[in-house]
Amino acid sequence: FFADSVQEFDIAGRVFQRGYKPIDGVAPSAFYEVLVEGPVKLLKRTTKKVFEETSYNSATKEKTIQANDVYYISKQESTLVKIKKDKKSIIGALDDRRSELESYIKSNALNLRNDIDMAKLVAYYNSL
């Protein structure tokens with residue numbers, strides 16, 4: 001065991017951090033992928049569930065794995081705000097710069113259902 005617990009690690013260029021205030025029943029020791037670093041962070045938490053199903057007249061079970069991604073904005077002192085992958089939710093979390101963000105989305109034709117475009121928008125917010 002480590003004397004000091006790991007707070008951050010990097011795997012293949014993807015950074016994972018912990019130390020955020022618990023939200024939605026997630027343990028404070030949970031790691032989040034950091035999509036955008038800065039005063040305002042865009043975080044992603046991926047969970048996976050395994051489902052077992054037995055077909056009719058079959059003795060074997062089939063396992064399927066379903067991934068679920070949840071996104072968060074961290075603005076102040078490790079406090080998280082859960083967001084959806086849509087314009088209304090993201091701009092609602094970053095409401096103090098609504099007009100600038102809406103014009104940036106329109107001028108750059110961002111698709112906010114895409115991780116890369118969400119990251120571009122939060123990075124732009126950090127540059128304001």
Q: Evaluate the salt bridge (Lys or Arg N to Asp or Glu O under 4.0 Å) criterion for residues Asp115 and Lys44: first the C-alpha distance (whole Å), next the side-chain angles of each, then the deciding distance (0.1 Å), finally the verdict.
A: CA-CA 9 Å; Asp115 287 1; Lys44 177 180 174 181; 3.0 Å; yes
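- Put simply, the side chain of Lys41 reaches to within 4.5 Å of the side chain of Gln17, judged on heavy atoms.
- Side-chain contact check for Gln7 versus Ser5: some heavy-atom pair is nearer than 4.5 Å.
- When hydrophobic clusters are built by joining Ile, Leu, Val, Met, Phe, Trp and Tyr residues whose side-chain heavy atoms come closer than 4.5 Å, directly or via intermediates, Leu35 is not grouped with Tyr20.
- The hydrophobic clustering, which links ILVMFWY residues whose side-chain heavy atoms are closer than 4.5 Å, places Val81 and Ile23 apart.
- Asn108 and Tyr124 form no side-chain donor-acceptor contact under 3.5 Å, judged by distance and modelled atom types alone.
- Annotation: side chain of Leu121 is in contact with side chain of Leu110 (closest heavy-atom distance under 4.5 Å).
- A donor-acceptor distance shorter than 3.5 angstrom exists from the side chain of Arg45 to the backbone of Phe31, with no hydrogens or angles considered.
- The main-chain N or O of Glu100 is found under 3.5 Å from a side-chain atom of Ser103 such that the two form a donor-acceptor pair.
- Distance CG/Leu112 to NZ/Lys84: 14.5 Å, rounded to 0.5 Å.
- Follow the hydrophobic side-chain contacts under 4.5 Å out from Ile83 and you reach Ile105 in the same cluster.
- The OG1 atom of Thr64 sits 6.5 Å away from the CZ atom of Phe51 when rounded to the nearest 0.5 Å.
- The structure places CG of Asn111 at 11.0 Å from CG of Asp86, a figure rounded to the nearest 0.5 Å.
- Taking the side chain as every heavy atom from C-beta outward, Lys120 and Ile116 approach each other to under 4.5 Å.
- Using a 4.5 Å cut-off on side-chain heavy atoms (C-beta onward), Lys21 and Pro28 make no contact.
- Taken from CG in Leu94 to CG in Asp96, the straight-line distance is 7.0 Å, to the nearest 0.5 Å.
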Problem set entry | Lys106/Leu101 under side chain to side chain contact (heavy atoms under 4.5 Å, CB included): CA gap, chis, key distance, verdict | CA-CA 9 Å; Lys106 190 173 184 177; Leu101 295 176; over 6 Å; no
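- The closest side-chain heavy-atom distance from Lys48 to Gln66 is not below 4.5 Å.
- At a threshold of 4.5 Å between non-hydrogen side-chain atoms, the residues Asn68 and Val70 count as touching.
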For a side chain to side chain contact (heavy atoms under 4.5 Å, CB included) check, start with the C-alpha distance between Tyr32 and Leu80, then their side-chain angles and the critical distance, and finish with the verdict. CA-CA 11 Å; Tyr32 297 85; Leu80 300 178; 3.6 Å; yes
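- The 12-atom threshold is not exceeded at CD of Glu62, counting heavy atoms of other residues, nucleotides or ligands nearer than 6.0 Å.
- Checked for salt-bridge contact, Asp24 and Lys82 meet the test: a charged N lies under 4.0 Å from a carboxylate O.
- Relative ring orientation between Phe16 and Phe9 is described as parallel, the plane-to-plane angle staying below 30° on a 0-90° scale split at 30° and 60°.
- Between Lys85 and Asp69 there is no salt bridge, since none of the side-chain N atoms of the basic residue sits less than 4.0 Å from a carboxylate O of the acidic one.
- With a 4.5 Å cut-off on side-chain heavy atoms, Leu42 and Met118 count as touching.
- Counting all heavy atoms, side chain and backbone alike, Asp10 lies closest to Ala12 at OD1-N, 3.8 Å.
- Using a cutoff of 4.0 Å between basic side-chain nitrogens and carboxylate oxygens, Arg98 and Glu102 are scored as salt-bridged.
- Val15 and Val36 fall into different hydrophobic clusters, where Ile, Leu, Val, Met, Phe, Trp and Tyr are joined by side-chain heavy atoms under 4.5 Å apart, directly or via other members.
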Audit row: Tyr125, Arg97, side chain to side chain contact (heavy atoms under 4.5 Å, CB included) steps and yes/no: CA-CA 8 Å; Tyr125 178 88; Arg97 300 284 187 159; 3.5 Å; yes
